[in-house]
S.K.: 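Here it is, the structure, as structure tokens.
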Amino acid sequence: MKHLFYITTILLLISCNSSEKRKETTDNQILKQVQHDKQFPKLEPNRYNVAFLIMNGTYNTELTAPFDIFQHTIFRNNIKAMNVFTVANTDDAITTFEGMRILPDFNYTKDSLPKIDILVVPSAEHHLDSDLEDTAMINFVKQTDKNAQFITSHCDGAFVLAKAGLLDNAVSTTFPGDIDKMRTVFPKLDIRKELLFVHDGKYITSAGGAKSFEAALYLCEFLYGKEVAQALAGGLVIDWNLDSVPHLMIKK
């Protein structure tokens with residue numbers, strides 16, 4: 001009787017282990033299938049491709065403010081509108097500083113990326129420290145800069161542009177409370193205070209926060225004209241008048 005009990009127990013353990021292994025195999029197969037069947041966003045032709053660089057700790061406002069402005073260009077007539085999408089170093093969902101979970105559209109470490117006309121670098125929690133040691137991310141920004149028409153940053157996203165060497169010959173700004181820090185980390189750069197954004201060549205750096213809307217609207221006014229920019233602002237119930245926004249545009 002004891003032998004029968006031991007045999008039954010062993011068979012049950014083998015059965016349980018086999019079930020767990022089958023479940024693990026099935027889970028891995030599902031994961032591989034999901035990755036294989038990854039759905040990329042549809043990018044309409046004859047539009048600007050606008051990539052938003054996201055990572056864990058990205059701040060909501062610096063991401064969603066320009067994303068809203070640029071995405072709404074598709075509702076304006078007779079302009080070259082924008083395809084907006086996100087890029088990250090992972091296929092997994094990233095978690096913003098405020099807790100939103102976002103599934104990146106493209107993984108810049110392995111996906112075939114579309115041509116990026118405009119790169120947006122929102123601020124993230126560790127843009128003043130560990131993110132600046134992320135060589136893959138910094139190299140992605142450098143490579144994108146070679147063919148992009150504009151590179152924009154919001155708040156401490158300017159630190160990423162500076163680390164990539166993009167601001168070496170450009171005037172820039174960042175979050176007001178971090179300007180002195182940025183001057184210390186990058187002492188050779190020309191970093192201005194008391195401005196909400198600076199446009200120098202292909203680079204637009206902004207103070208961030210809610211003023212990320214203004215920097216995005218400015219780029220739209222630069223590309224499409226005042227009437228379109230005001231229509232975009234009106235659609236989001238934003239008062240927009242470039243003349244009332246402290247900014248600097250350096251003509252080259």
Side-chain angles (χ1 to χ4, degrees), residues 35 37-55 58-94 96 100-124 137 140-154 157 160-161 164 166 197 199 201-206 208 212-236 238 240:
Q35 292 173 339
D37 295 338
K38 180 176 178 179
Q39 296 295 310
F40 295 103
K42 182 180 180 182
L43 303 181
E44 298 293 341
N46 302 314
R47 289 183 179 179
Y48 294 106
N49 286 334
V50 184
F52 286 75
L53 178 60
I54 61 173
M55 62 201 69
T58 293
Y59 291 102
N60 286 358
T61 305
E62 281 84 18
L63 167 62
T64 59
F67 198 102
D68 280 356
I69 296 294
F70 294 158
Q71 191 277 335
H72 279 67
T73 60
I74 66 174
F75 302 115
R76 307 269 73 86
N77 296 323
N78 303 316
I79 66 170
K80 183 178 179 179
M82 298 183 180
N83 294 314
V84 295
F85 53 88
T86 56
V87 294
N89 65 354
T90 179
D91 288 314
D92 298 330
I94 68 102
T96 68
M100 285 177 57
R101 288 171 56 79
I102 302 171
L103 197 63
D105 292 314
F106 292 94
N107 181 337
Y108 64 76
T109 68
K110 67 181 186 64
D111 289 337
S112 177
L113 300 178
K115 179 181 181 297
I116 296 173
D117 301 302
I118 301 170
L119 176 66
V120 182
V121 184
S123 183
M137 187 263 287
F140 165 72
V141 173
K142 288 181 180 180
Q143 289 300 314
T144 302
D145 176 63
K146 292 179 179 180
N147 297 306
Q149 295 182 43
F150 295 97
I151 307 286
T152 76
S153 69
H154 299 278
V160 174
L161 272 57
L166 307 190
F197 63 84
H199 179 191
K202 67 193 290 185
Y203 307 110
I204 300 174
T205 53
S206 90
S212 301
F213 282 106
E214 275 86 346
L217 284 166
Y218 165 77
L219 179 54
C220 288
E221 182 160 328
F222 184 82
L223 291 173
Y224 307 125
K226 184 175 182 178
E227 185 177 340
V228 171
Q230 287 183 332
L232 290 167
L236 292 166
I238 299 172
W240 171 247

S.K.: My understanding is that only residues two or more places apart in sequence, or in another chain, count here; which of them pass side chain to side chain donor-acceptor pair (under 3.5 Å) with Thr109?
M.R.: Asn107
S.K.: Measuring from atom CD1 of Ile74 to atom CE of Met82, what distance do you get when rounded to the nearest 0.5 angstrom?
M.R.: 12.0 Å
S.K.: Apply side-chain contact (heavy atoms from CB on, under 4.5 Å) to residues Val84 and Phe52 and explain how you reach the verdict.
M.R.: CA-CA 8 Å; Val84 295; Phe52 286 75; 4.1 Å; yes
S.K.: Does any non-hydrogen side-chain atom of Thr152 lie less than 4.5 Å from one of Pro66?
M.R.: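 Of all side-chain heavy-atom pairs linking Thr152 with Pro66, none is under 4.5 Å.
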S.K.: Who are the ring pair (Phe, Tyr, Trp, His ring centres under 6.0 Å) partners of Tyr108, not counting sequence neighbours?
M.R.: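 Partners of Tyr108 under the ring pair (Phe, Tyr, Trp, His ring centres under 6.0 Å) test: Phe140.
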S.K.: So how far is it from Glu44 CD to Asn49 CG, rounded to the nearest 0.5 Å?
M.R.: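 The CG atom of Asn49 is 10.5 Å from CD of Glu44, to the nearest 0.5 Å.
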S.K.: Indicate yes or no: at least one non-hydrogen side-chain atom of Leu119 is less than 4.5 angstrom from one of Val121.
M.R.: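 They are in side-chain contact.
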S.K.: Side chains of Leu217 and Leu232: does their closest heavy-atom pair fall under 4.5 Å?
M.R.: yes
S.K.: Which class fits the ring pair His199 and Phe222: parallel under 30°, tilted 30 to 60°, perpendicular over 60°?
M.R.: perpendicular
S.K.: Could you check whether any side-chain heavy atom of Met55 comes within less than 4.5 Å of a side-chain heavy atom of Thr90, counting everything from C-beta outward?
M.R.: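 With C-beta onward as the side chain, the pair stays apart.
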S.K.: Is a donor from one side chain sitting under 3.5 angstrom from an acceptor on the other, for His154 and Ser206?
M.R.: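 Indeed, the side chains of His154 and Ser206 share at least one donor-acceptor pair under 3.5 Å.
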S.K.: List for me each residue that meets side-chain contact (heavy atoms from CB on, under 4.5 Å) alongside Asp105, sequence neighbours excluded, and say none if there are none.
M.R.: Pro41, Phe85, Thr86
S.K.: As a quick check of understanding, evaluate side-chain contact (heavy atoms from CB on, under 4.5 Å) for Val87 and Thr144, giving each step before the final call.
M.R.: CA-CA 12 Å; Val87 294; Thr144 302; over 6 Å; no
S.K.: I'd like to check Phe67 versus Val50 (side-chain heavy atoms, cut-off strictly below 4.5 Å). Are they in contact?
M.R.: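 The answer is no; the side chains never approach within 4.5 Å.
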S.K.: Could you name each residue pair satisfying salt bridge (charged side-chain N to carboxylate O under 4.0 Å, His left out) that touches residues 220-232, not counting sequence neighbours?
M.R.: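 Counting only pairs at least two positions apart or across chains, no salt bridge (charged side-chain N to carboxylate O under 4.0 Å, His left out) contact touches residues 220-232.
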S.K.: For a 4.5 angstrom cut-off between non-hydrogen side-chain atoms, does Leu63 reach Ile102?
M.R.: yes
S.K.: Set out, in order, the CA-CA distance, both residues' side-chain angles and the distance that settles side-chain contact (heavy atoms from CB on, under 4.5 Å) for Lys110 and Asp91, then state yes or no.
M.R.: CA-CA 10 Å; Lys110 67 181 186 64; Asp91 288 314; 2.8 Å; yes
S.K.: Side-chain contact test, heavy atoms from C-beta onward, threshold under 4.5 Å: evaluate it for Arg101 versus Ile94 and give yes or no.
M.R.: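 A side-chain contact is absent here, since even the closest heavy-atom pair is not under 4.5 Å.
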S.K.: Hey, are the side chains of Thr205 and Phe197 touching, using non-hydrogen atoms and a 4.5 Å cut-off?
M.R.: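 With C-beta onward as the side chain, the pair stays apart.
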S.K.: Partners of Lys115 by side-chain contact (heavy atoms from CB on, under 4.5 Å), sequence neighbours excluded?
M.R.: Asp117
S.K.: Could you name each residue pair satisfying side-chain hydrogen bond (donor to acceptor under 3.5 Å, both in side chains) that touches residues 67-81, not counting sequence neighbours?
M.R.: none
S.K.: Taking only residues two or more places apart in sequence, or in another chain, which ones meet Ser153 in a side chain to side chain donor-acceptor pair (under 3.5 Å)?
M.R.: none
S.K.: Looking at every heavy atom in both Leu53 and Pro122, which two are closest together, and how far apart are they?
M.R.: O-CD, 3.2 Å
S.K.: In Å, rounded to the nearest 0.5 Å, how long is the span from OH of Tyr48 to CZ of Phe150?
M.R.: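 Going from the OH atom of Tyr48 to the CZ atom of Phe150 covers 7.0 Å.
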S.K.: With sequence neighbours left out, what residues match Asp145 under salt bridge (Lys or Arg N to Asp or Glu O under 4.0 Å)?
M.R.: Lys202
S.K.: For Tyr224, check ring pair (Phe, Tyr, Trp, His ring centres under 6.0 Å) against everything at least two apart and list the hits.
M.R.: none
S.K.: What residues, two or more places apart in sequence or in another chain, satisfy side chain to side chain donor-acceptor pair (under 3.5 Å) together with Thr61?
M.R.: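 In terms of side chain to side chain donor-acceptor pair (under 3.5 Å), with neighbours along the sequence ignored, Thr61 is linked to no residue.
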S.K.: Which heavy atom of Pro104 sits nearest a heavy atom of Lys38, and at what distance?
M.R.: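 Of all heavy-atom pairs spanning Pro104 and Lys38, the closest is O-CE, 4.5 Å.
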S.K.: Once ring pair (Phe, Tyr, Trp, His ring centres under 6.0 Å) is applied, do any residues pair with Phe70, and if so which ones, sequence neighbours excluded?
M.R.: none
S.K.: For Trp240 and Tyr218, run side-chain contact (heavy atoms from CB on, under 4.5 Å): C-alpha distance rounded to whole Å, both residues' side-chain angles, the deciding distance at 0.1 Å, then the answer.
M.R.: CA-CA 9 Å; Trp240 171 247; Tyr218 165 77; 4.1 Å; yes
S.K.: Taking side chain to side chain donor-acceptor pair (under 3.5 Å) as the definition, give me every residue that meets it alongside Lys146, ordered by chain and number, with sequence neighbours left out.
M.R.: Gln143
